[in-house]
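Reminder, nothing fancy here: chain letters follow the sequence lines and each chain counts from 1. No hydrogens, no waters, no symmetry mates; every other heavy atom, side chains included, goes into these values.
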Protein chains: 2
Amino acid sequence: MARKFNFSAGPAMLPTAVIERAQAEMLDWNGSGMSTMEMSHRGKEYMSIATKAEQDLRDVMAIPDNYKVLFLQGGASSQFAAIPLNLLGDKTSADYLNTGMWSKKAIAEAKRYCTVNIVADTSDNGFTTVPTQAELNLNPDAAYVHYTPNETIGGVEFDYIPETNGVPLIADMSSTILSRPIDVSKFGMIYAGAQKNIGPAGLTIVIIRDDLLGNASANTPTMFNYATHADNDSMYNTPATYAWYMAGLVFEWIKEQGGLEAIAVVNKRKADKLYAVIDSSDFYGSPVAKNGRSWMNVPFTLADADLDAAFLKSAAENGLITLKGHRSVGGMRASIYNAMPEEGVDALVAFMKEFESSQA
Amino acid sequence: MARKFNFSAGPAMLPTAVIERAQAEMLDWNGSGMSTMEMSHRGKEYMSIATKAEQDLRDVMAIPDNYKVLFLQGGASSQFAAIPLNLLGDKTSADYLNTGMWSKKAIAEAKRYCTVNIVADTSDNGFTTVPTQAELNLNPDAAYVHYTPNETIGGVEFDYIPETNGVPLIADMSSTILSRPIDVSKFGMIYAGAQKNIGPAGLTIVIIRDDLLGNASANTPTMFNYATHADNDSMYNTPATYAWYMAGLVFEWIKEQGGLEAIAVVNKRKADKLYAVIDSSDFYGSPVAKNGRSWMNVPFTLADADLDAAFLKSAAENGLITLKGHRSVGGMRASIYNAMPEEGVDALVAFMKEFESSQA
């Protein structure tokens, strides 16, 4: 058994300690005689797991009491429709920032339900920058403002939280949630697919201010209505019980690491090391403006793209896998979520220096 | 470590051999250096797992080539909306059989999207019988006919497949799929939440005849559009990768048992043993008509309901757990899906005889 350093953008590495614990508990959780995946979601054993996971997430993120935390299915992609269906109310338009591939997908789906105002757009520069606050053409009549704080594919991350002057701010945090402390009270709703910093794919976390619940459009499927899930503690139907359990183990692990403040220190150091080697010579390059560089997803290119295949092959031989860039961007991408140990980044940095030397 | 006999209606027992294999592969699948839950769904390792799982399900159920098999999120409850949204086409009504709690939920959601004709209704007798073919008042203009072949809560199972004279037949098989061979070609669509006979909760299987795809209503969320998922081999977005992997292990296990023919022989024997002890004295009773008794979910009552608590407590002390009936029905319910070993039913039968004797 040799665990590799897996730089996948998601599903992604989970902490080895978490997987080892899940392995140990696999056949018999806590003397119950059942695996957690065999438990009735309404039984006392599973309810204790679910309740603790929610409380640990609330603790870790310091989520205010007037926010509901929902454990849903369907991925961030389902929320692209659920957001306008739930949040338009009696308004007819919403503001969207277009800063990458995931913004684009959210916008395309929202257009099917409302008028979408594109209030910032970085497509002209290939989604390599972050718009400034002054560049946002926000509409006071918008039902909400939607943005993607970290674009997984482009590797572009906002270095500030947009000020929306009372209009609810909605954030797809799939690839940045739990990477550092954030002020949840600045947001109307935060959502995230689990498969980067939370747990296995198939679970989606929605954190929503409670005054935004209860205004779903008449044609909203019951399972897309956030109020349905809030009223039933995410157990209106059978939730993704095992993924929820695994997420709970990850939240415990974050606490053990010292919480998000400690996690952020490590994440910044990991990112700094990787950008330093990229910037240290003309052999490597980063397409992203320096103030918009993601801590979590680091795309980089070789000046000679003909070497890409050799780079990836040699990296894999050194236990550094899933480094190929997204098909829409090319080059390489190293996703370095919370579970990627600093040793993994150190190994990648060392390999990048060696590979450059070997080509000199 | 002592595994118990868990009679939960779902999430439910999985075969111990399957969980042991998942445990062994947990940290490093097949020398990949990754857990299956850490793999990119678009990587070659995971694609091989996903493709094999679908093929094994096709083999086991003998699914004809003109049916698509989708691995979705959202549970059967999401399909309650997706079915009218996808299948109404230019029609305005659908036929529904009302035979239990899950039928009722499907009907309530469908009414939000179309005219629902209730073409059979057993609510008058408390959902304890199966309507006969002659009793079905089917409408030739219905977009489809929907029914629930096995009602998990009531323990009522159809002993025939309704003839719908060319109108697509849609079946919620959540609690009966894979319990025996079925003729898929009789159905327009079969769907099932995974958490009974397939795998962990958070995965939903949809088997749909390909001519029924492509007619979704304009307001259908993209993630509820079956054509979206069919066109992308269930990878339009990140699927529930770990649950899909576990389902694949279950499909392999079914093959190892000798396929559905062999599984059906064991299932019938298990059910027969349990109904025999229920019918053997007036101490126990079954609320369900004999021709409608489920192989999978066996509700039963004690003539003296004051003994229910003592029965459940003593059963649990004997390693027989999760036998309490659904709150809407009361009494007891033993769910005996494929993964419940015959030894578990034997142990329950022996306990029931002993408990009766102890009260004599």
- Message: I'd like to know whether B/Thr222 forms a side chain to side chain contact (heavy atoms under 4.5 Å, CB included) with A/Arg112, so could you lay out the CA-CA distance, the side-chain angles of the two residues, the decisive distance to 0.1 Å, and finally the verdict.
- Response: CA-CA 10 Å; B/Thr222 299; A/Arg112 302 180 60 232; 3.4 Å; yes
- Message: Between B/Ala9 and chain A, with a heavy-atom cut-off of 4.5 Å, which part of the residue counts as in contact: side chain, backbone, both or neither?
- Response: neither
- Got B/Thr241 and A/Pro200 here, is their nearest side-chain heavy-atom distance under 4.5 Å? no
- Identified side chain to side chain contact (heavy atoms under 4.5 Å, CB included) counterpart of A/Asn219 within the set B/Leu85, B/Asn219, B/Thr220: B/Asn219
- Message: Using the rule side chain to side chain contact (heavy atoms under 4.5 Å, CB included), only one of B/Met246, B/Gln195, B/Met37 pairs with A/Tyr242; which is it?
- Response: B/Met37
Is chain B contacted by the side chain of [X], its backbone, both, or neither, given a heavy-atom distance below 4.5 Å?
X: A/Ala243; value: neither
X: A/Phe5; value: neither
X: A/Pro221; value: both
X: A/Leu72; value: neither
X: A/Ser32; value: backbone

- Top residue by heavy-atom pair count (under 4.5 Å) with chain B, among A/Ala240, A/Gly74, A/Ala108? A/Gly74
- Task: Among A/Ala81, A/Ala201, A/Ala339, A/Ala218, single out the residue with the greatest number of heavy-atom pairs under 4.5 Å to chain B.
- Result: A/Ala201
- Task: Determine, step by step, whether B/Met26 and A/Met26 satisfy the side chain to side chain contact (heavy atoms under 4.5 Å, CB included) criterion, reporting the C-alpha distance in whole Å, the side-chain angles of both residues, the deciding distance to 0.1 Å, and the verdict.
- Result: CA-CA 9 Å; B/Met26 194 82 179; A/Met26 194 82 178; 4.0 Å; yes
- Derivation of the side chain to side chain contact (heavy atoms under 4.5 Å, CB included) call for B/Arg42 and A/Arg327: CA-CA 11 Å; B/Arg42 303 196 192 279; A/Arg327 58 190 181 278; 4.1 Å; yes
- Mark yes or no for whether B/Gln23, through its side chain, and A/Gln23, through its backbone, hold a donor-acceptor pair below 3.5 Å. yes
- Task: Flag the pair B/Glu38 and A/Arg3 as a salt bridge only when some basic side-chain nitrogen lies within less than 4.0 angstrom of an acidic carboxylate oxygen.
- Result: yes
